[in-house]
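One structure below.
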Protein chains: 2
Amino acid sequence: MLSKKTKYGLKALTFLAKRDDKSPVQISEIAEQENISQKFLESILLTLRKNGFLGSKKGKGGGYYLIKEPQEISMTQVMRVLEGPIAMVPCVSLNFYEKCDDCPDENTCGVNKLMLQVRDSALEIYRNNTLADLI
Amino acid sequence: MLSKKTKYGLKALTFLAKRDDKSPVQISEIAEQENISQKFLESILLTLRKNGFLGSKKGKGGGYYLIKEPQEISMTQVMRVLEGPIAMVPCVSLNFYEKCDDCPDENTCGVNKLMLQVRDSALEIYRNNTLADLI
DNA sequence: TGCATACTCTATTAAATCTATAGGATAATA
DNA sequence: TATTATCCTATAGATTTAATAGAGTATGCA
């Protein structure tokens with residue numbers, strides 16, 4: 001299941017990408033328009049900024065804004081930052097690999113075999129979609 | 001993330017499918033061989049039985065056994081029973097559809113658009129894999 | 001300088017879900 | 001009738017997610 005964090009983060013990014021100009025938008029405006037708890041959204045936008053997707057400006061006239069073109073923001077990056085591993089099990093994760101402690105051999109593990117395919121197919125979707133494609 | 005329930009369930013099914021004969025196998029044997037908590041596995045096998053994947057026999061010589069051929073057990077069915085919806089958001093779920101209360105229009109929602117693709121690609125993988133393919 | 005604005009950051013709580021365990025009930029076998 | 005092994009419900013413990021609170025910091029403007 002997709003977390004609210006990811007869902008809200010994607011919605012916020014989409015909201016910003018839809019706008020014509022790149023002037024800062026206040027958290028409160030995004031929260032209101034997208035029906036998101038403002039405080040919760042606050043923390044999400046913060047991590048998006050820390051990971052290089054957004055810029056921010058404090059004080060009057062401040063807010064958040066995209067610092068890259070929508071078509072340059074791959075869903076792979078966004079998903080990894082917000083949702084974490086794309087793989088459903090750590091033993092098939094490219095960026096968050098971890099061995100299963102209950103599994104003696106990954107090469108003969110059916111779960112591994114299946115989840116490897118699922119990871120690859122999801123990855124292909126994310127690679128083929130940028131923020132611009134969500135609009 | 002794949003739940004332990006699903007992971008253990010798949011492992012148990014695979015374990016049974018690997019065997020040549022179809023005589024009942026005790027929970028304790030599967031649990032030991034696959035490094036799964038016996039009590040937890042008990043409840044998992046129970047739901048697999050209730051959903052038509054396994055048969056069971058009580059008393060001495062009892063246990064669980066497959067009641068269909070491995071190549072007839074689609075991963076789509078297994079995943080839905082153990083893990084629940086294949087979609088990552090309810091608004092793109094075929095079997096567990098639910099409208100998002102924060103989203104005014106699914107047709108213009110970027111999250112919906114993306115997750116629809118992810119669902120379809122996952123579904124294709126599950127459709128193309130039977131229990132026999134995991135061995 | 002002083003004030004209002006809006007993001008920054010940490011900590012905490014509340015809720016939900018997942019994982020695991022306990023223990024008695026039921027059915028089959030010998 | 002004793003033994004074996006599944007059946008079933010309830011519950012406890014752990015983890016994760018979602019949301020909130022509140023003080024701190026930087027900015028713009030009069």
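Chain identifiers are assigned alphabetically (A, B, ...) following the order of the sequence lines, protein sequences preceding nucleic acid strands; residue numbering begins at 1 within each chain. Remember, predicted model here, so these are calculated numbers, not experimental data.
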Under 4.0 Å between a side-chain N/O of [X] and OP1 or OP2 of [N], yes or no?
X     : N      : value
B:R49 : D:dC8  : yes
B:K58 : C:dA25 : no
B:K50 : D:dC8  : yes
A:S37 : D:dA18 : no

Option among B:L66, B:L48, B:L45 that satisfies the side-chain contact (heavy atoms from CB on, under 4.5 Å) test with B:F53 =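 It is B:L48; the other options fail the test.
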(message) Just to be sure I understand the rule, does A:I27 reach a base, reach only the sugar-phosphate, or reach nothing, if contact means heavy atoms closer than 4.0 Å?
(response)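 It contacts sugar-phosphate atoms only.
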Under-3.5 Å donor-acceptor pair between B:K39 side chain and C:dG23 base: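 It does, because a donor-acceptor pair links the side chain of B:K39 to the base of C:dG23 below 3.5 Å.
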- prompt: So which nucleotide from D:dC8, C:dA6, C:dT29 ends up closest to the side chain of A:Q26?
  reply: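 Comparing D:dC8, C:dA6, C:dT29 against the side chain of A:Q26, the answer is C:dA6.
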- Message: Nearest to the B:F40 side chain among D:dC8, D:dT6, C:dA20, which nucleotide is it?
- Response: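 Ranking D:dC8, D:dT6, C:dA20 by closest atom to the B:F40 side chain puts C:dA20 first.
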message: If you assign each of A:Y8 and B:S56 to its closest nucleotide in DNA chain D, which residue comes earlier from the 5' end?
response: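 First, find each residue's nearest nucleotide; the 5'-ward one identifies B:S56.
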Notebook entry, point to check: Do B:E124 and B:R119 sit within salt-bridge range, that is, some charged N less than 4.0 Å from a carboxylate O?
Noted result: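 Here B:E124 does not pair with B:R119 in a salt bridge, since their nearest N and O are not under 4.0 Å apart.
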Before accepting this row, confirm whether a basic side-chain N of the pair A:D101/A:K99 lies closer than 4.0 Å to the acidic partner's carboxylate O.
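Salt bridge: no.
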_Between B:I125 and A:M79, is there shared hydrophobic-cluster membership here, with clusters defined by ILVMFWY side-chain heavy atoms closer than 4.5 Å?_
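In one cluster with B:I125: A:M79, no.
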